[in-house]
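Down below is the structure, laid out as structure tokens.
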Amino acid sequence: MSTRTRFAPSPTGYMHIGGMRTALFAWLWARHTGGAFILRIDDTDRQRNIDEALGPILNAFRWLGLNWDEGPEVGGADGPYFQSQRSDLYRAACDRLLAEGKAYRDFDSPEVVQADRQAAEKEKRPYINVRRSLDLTPQQVEEHLAAGRPHVIRFLVPRDRSEKVAIDDAVRGHVEWDAALLSDPVIMRSDGSPLYNFATVVDDGQMRITHVIRAEEHLSNTPVQVLMHEALGYELPAFAHIPFVTAPGSTKKLSKRDVDKYKNNPQFKRMFERADAVFPQLGLGTSETLNPVMVEYYERIGYLPQAVLNALARLGWSLDDKTEIMSLDTVIENFTLDRVVKNCAGLDPDKLFAFQSHWMSEVPLDEKVVRCGDHLRTAGLVHDPLEPAARERITAVVTALGDRLKLYSDILDVDYFFKDEIVYDEKNFAKRVAKDGTPELLAEFASSHLEPLSTADWTAERLEAELNAFSEAKGVSSGLLIHALRLSTTGQAVGPGVYDALVLVGREKSLERITAALMKARNS
RNA sequence: GGCCCCAUCGUCUAGUCAGGUCUAGGACAUCGGAUUUUCAGUCCGAGAACAGGGGUUCGAAUCCCCUUGGGGUCACCA
């Protein structure tokens, strides 16, 4: 039988990076086995603004290139793929259970149930729901029904079953539970809508899912689901509970609720700072609106899908003892569930960045130019990046940047190549320019060696030769002038090689900026 | 608290199922050196781990038990 895996997100308005990893593993297993990957939307709870809430999720899949064989937009034979449109299926399954005595109507009010729970807690004994409604005679049930008395429907756990409820999890191995300790799960609310635990079983059964690959936090839902699969006569799928992704340097599940804490996390901190530096320029808000818990963060800040995919694949899975850099095709070819690690894995921003460095080095110049052009246009630094002169300039800058360009948004750090005014890195300006003797040296170099140069002679080679000749004659380290020149003409301490930078800034503007810097140094 | 899961360098991991070849391998990060009389980068190198205790065995990171620690989950959420 052909493999069928699924990912069933709830439309929350964003795609969680940890959820993305779970989805990736399910997708990978389907692709590795030549099976089907199904996207199913768990929207039993919220029906409003479904498009708005679903958009970012589908976008995340598209950005990473993870296609789905059945689901929203593409349809499929086992649809619909929105739980909100599958009510009849749940109703029918529930009726069947009811008719077979495998489920029952529970007339206890939420308050009563709550009191039971509290009583159990007080007496320090495990809570299992009290089956009062089971004592009702058929006649009493009819009366309650006729009276329109609100009730839920619970699945009747076979607590007296002799053997344990067990699964052979593809990643965790044999796991078993004692059915006698299980509470009867509510499968239908009093308003007639299904609960997740039930809907999932009905969907997985009806869609003939062969491998339920999901995050570890669902492990404790598994026993009742197994029982419900059995009760409904579905063939039990294989389960693979993969570890969840934790926050960097933590053992706790990565959660959007904790973003405020993450801002102080030493490893996460830089990502938030980067967001606050970049997103406002792109009109995307700040780290408040887009943060590293969301997949969109990575897309917008200029990560490569290859890098994110590589990092995600290596989080809880490995090919062997040395392979780190892997294309999606390589991962598909080698992905197996038995090589999924059992313990939870912390998202590592540094490692992701390292993957990014590698994959960015594989991107052709033209592609980099186009993507950087997009960022520049969005930031208002370039009107039309496709216009020949602009394109040429962007190409020159990207070339000069070389492998310094790690994220596409890095292009915004060299905005001084695209606008007139520059922002000084004050600390480094003081250190490299406004210090003993340097302004005088710089002034002399500018007037004696730079100003005489014609625009045609304003080349990296010539500039380097002039600078070397001057510093040799003066008996000073060339590094002194190199730093002073960079700070003066770009305002920054880091950037392309200084001769390239001077060429990019141009003769005219370079001289102007040096003059301005000298004035600034004198006044400080 | 009940139930369940997990435990190798700071981090991600290889090795665990089929004990020896593991004085525990790789990657990221860190530190040091080289290079560019420039930041970055690149190259080379270094430090860095089997949670603890009992067993079984000639031999245990690997098998068994206990302890400790971490985590998940206990809804008319998903």
Side-chain angles (χ1 to χ4, degrees), chain A residues 8-12 42-46 83 106 109-110 113-114 117 120-121 124-128 150-154 169 171-173 175-178 181-183 185-197 199-200 215-223 241 243-244 246 248-253 267 311 314-325 338-339 341-355 357 361 401-404 406 428 432 464 467-468 471-472 476-487 492-499 501:
Chain A
S10 175
T12 51
D42 276 16
D43 60 346
T44 49
D45 219 21
R46 47 207 113 193
Q83 288 191 332
D106 183 356
S109 69
V113 174
Q114 178 67 6
R117 188 173 294 119
E121 206 168 302
K124 290 192 168 25
R125 61 180 160 77
Y127 166 76
I128 310 185
H151 64 279
V152 296
I153 297 171
R154 286 183 189 271
D169 194 278
V171 347
R172 325 204 83 83
V175 185
E176 58 179 32
W177 298 264
D178 188 345
L181 269 25
L182 265 23
S183 238
V186 174
I187 59 177
M188 285 288 191
R189 294 187 182 89
S190 48
D191 67 1
S193 62
L195 271 99
Y196 162 80
N197 246 345
T200 283
E216 186 193 344
E217 65 243 43
H218 289 282
L219 192 54
S220 46
N221 285 330
T222 309
H241 287 95
F244 47 80
T246 67
S250 135
T251 49
K252 291 203 171 44
K253 199 166 75 173
Q267 295 160 84
R314 279 291 289 109
L315 218 52
W317 179 81
S318 66
L319 196 166
D320 55 26
D321 60 344
K322 50 178 72 73
T323 311
E324 295 284 340
I325 301 292
D338 62 349
R339 286 200 66 83
V341 163
K342 287 189 184 70
N343 48 333
C344 56
L347 181 70
D348 187 344
D350 287 331
K351 193 128 186 178
L352 168 62
F353 196 73
F355 283 125
S357 295
S361 73
L401 241 22
D403 55 19
R404 289 175 185 82
K406 303 290 192 192
N428 278 299
R432 301 295 198 182
E464 181 170 7
L467 189 140
N468 285 334
S471 41
E472 201 172 319
V476 299
S477 161
S478 58
L480 207 62
L481 272 171
I482 283 171
H483 286 119
L485 273 171
R486 186 201 305 286
L487 260 304
Q492 301 301 306
V494 297
V498 72
Y499 309 111

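Residue numbering restarts at 1 for every chain, and letters A, B, ... go by the order of the sequence lines.
- R172(A) places its CZ atom 16 Å from the C1' atom of U16(B), with the value rounded to the nearest Å.
- Taking atom P in both A75(B) and G70(B), one finds a spacing of 24 Å when rounded to whole Å.
- K351(A) contributes a side-chain N or O that forms a donor-acceptor pair with the base of A27(B) under 3.5 Å.
- The side chain of R189(A) contributes an N or O atom lying less than 4.0 Å from OP1 or OP2 of A78(B).
- Rounded to whole Å, the distance from CG on N221(A) to P on U73(B) is 9 Å.
- Of the candidate nucleotides C28(B), C5(B), A14(B), A14(B) has the atom lying nearest to any side-chain atom of D321(A).
- Here R314(A) lies in heavy-atom contact (under 4.0 Å) with a base.
- Contact annotation for A354(A): backbone-only contact, meaning every heavy-atom pair under 4.0 Å involves sugar-phosphate atoms and none involves a base.
- Pairing for A7(B) is with U68(B), a Watson-Crick or G-U wobble pair whose two hydrogen-bonding atom distances lie under 3.5 Å.
- Out of A29(B), C39(B), G72(B), the shortest distance to the side chain of D350(A) is found at A29(B).
- A34(B) is paired with U42(B) under the criterion used here, namely a Watson-Crick or G-U wobble arrangement in which both key atom distances are under 3.5 Å.
- Taking the side chain as every heavy atom from C-beta outward, I482(A) and L467(A) approach each other to under 4.5 Å.
- For the pair K342(A) NZ and U13(B) C1', the interatomic distance rounds to 14 Å; values are reported in whole Å.
- Note on D191(A): nothing from the nucleic acid sits closer than 4.0 angstrom, heavy atoms only.
- Rounded to an integer number of Å, the gap from CZ of F353(A) to C1' of A27(B) is 17 Å.
- The residue among V476(A) and K406(A) whose nearest nucleotide of RNA chain B is located toward the 5' end is V476(A).
- Nucleotides A48(B) and A40(B) are separated by 27 Å at their C1' atoms, to the nearest Å.
- Take the nearest nucleotide of RNA chain B for G173(A) and for K252(A): the residue whose nucleotide is more 5' is G173(A).
- A46(B) and A27(B) have their P atoms separated by 12 Å, given to the nearest Å.
- OP1 or OP2 of A75(B) lies within a sub-4.0 Å distance of a side-chain N or O belonging to R117(A).
- Within 4.0 Å (heavy atoms only), S190(A) reaches at least one base atom of the nucleic acid.
- When side chains are defined from C-beta on, P11(A) counts as touching D43(A), because their heavy atoms get closer than 4.5 Å.
- Pair check for G1(B) finds C74(B); Watson-Crick or G-U wobble, both atom distances under 3.5 Å.
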So H218(A) and T200(A), side-chain hydrogen bond (donor to acceptor under 3.5 Å, both in side chains) or not? Walk me through it. CA-CA 11 Å; H218(A) 289 282; T200(A) 283; over 6 Å; no
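- In this structure, R432(A) reaches neither bases nor backbone, as no heavy-atom distance under 4.0 Å exists between it and the strands shown.
- When each of T222(A), N221(A), V186(A) is paired with N197(A), the side chain to side chain contact (heavy atoms under 4.5 Å, CB included) condition holds for N221(A) and for no other.
- One can place CG of L467(A) at 10 Å from C1' of U37(B), the figure rounded to the nearest angstrom.
- Judged by Watson-Crick or G-U wobble contacts below 3.5 Å, the nucleotide C58(B) has G20(B) as its partner.
- Nucleotides U67(B) and G72(B), compared at atom P, are 22 Å apart to the nearest Å.
- The base of C4(B) is not paired with the side chain of S220(A) by any donor and acceptor separated by under 3.5 Å.
- Heavy atoms of H218(A) sit under 4.0 angstrom from at least one base atom.
- Atom-to-atom, CD of Q114(A) to C1' of C74(B) comes out at 13 Å; the value is rounded to the nearest Å.
- Distances shorter than 4.0 Å separate none of the side-chain N or O atoms of N197(A) from OP1 or OP2 on C77(B).
- Protein atom CG of D320(A) is 11 Å distant from nucleotide atom C1' of U13(B), rounded to whole Å.
- Of the possible donor and acceptor atoms, one in the side chain of R172(A) sits under 3.5 Å from a partner among the backbone N and O of H241(A).
- A 4.5 Å side-chain heavy-atom check between N468(A) and S478(A) finds at least one atom pair inside the cut-off.
- Look at the P atom in both U68(B) and G52(B): the space between them is 16 Å, to the nearest Å.
- If you check A14(B) for Watson-Crick or wobble pairing at under 3.5 angstrom, you find it has no partner at all.
- Nucleotides A51(B) and G71(B) place their C1' atoms 16 Å apart, quoted to the nearest Å.
- Among the protein residues, T251(A) comes within range of the sugar-phosphate backbone only, with heavy atoms under 4.0 Å from sugar or phosphate atoms but none that close to a base.
- Counting non-hydrogen atoms under 4.0 angstrom, V175(A) reaches the backbone sugars and phosphates but no base.
- Contact of E324(A) with G26(B) (side chain to base): a donor-acceptor pair of N or O atoms is detected under 3.5 Å.
- G495(A) comes within contact range of at least one nucleobase, with a heavy-atom separation under 4.0 Å.
- Residue E176(A) contributes atom CD, which lies 8 Å from atom P of C4(B) at whole-angstrom precision.
- For the P atom pair drawn from A7(B) and C17(B), the interatomic distance equals 14 Å after rounding to whole Å.
- If you check every strand for non-hydrogen atoms under 4.0 Å, Y127(A) touches nothing.
- Within 4.0 Å of V186(A), counting heavy atoms only, lie sugar-phosphate atoms of the nucleic acid but no base atom.
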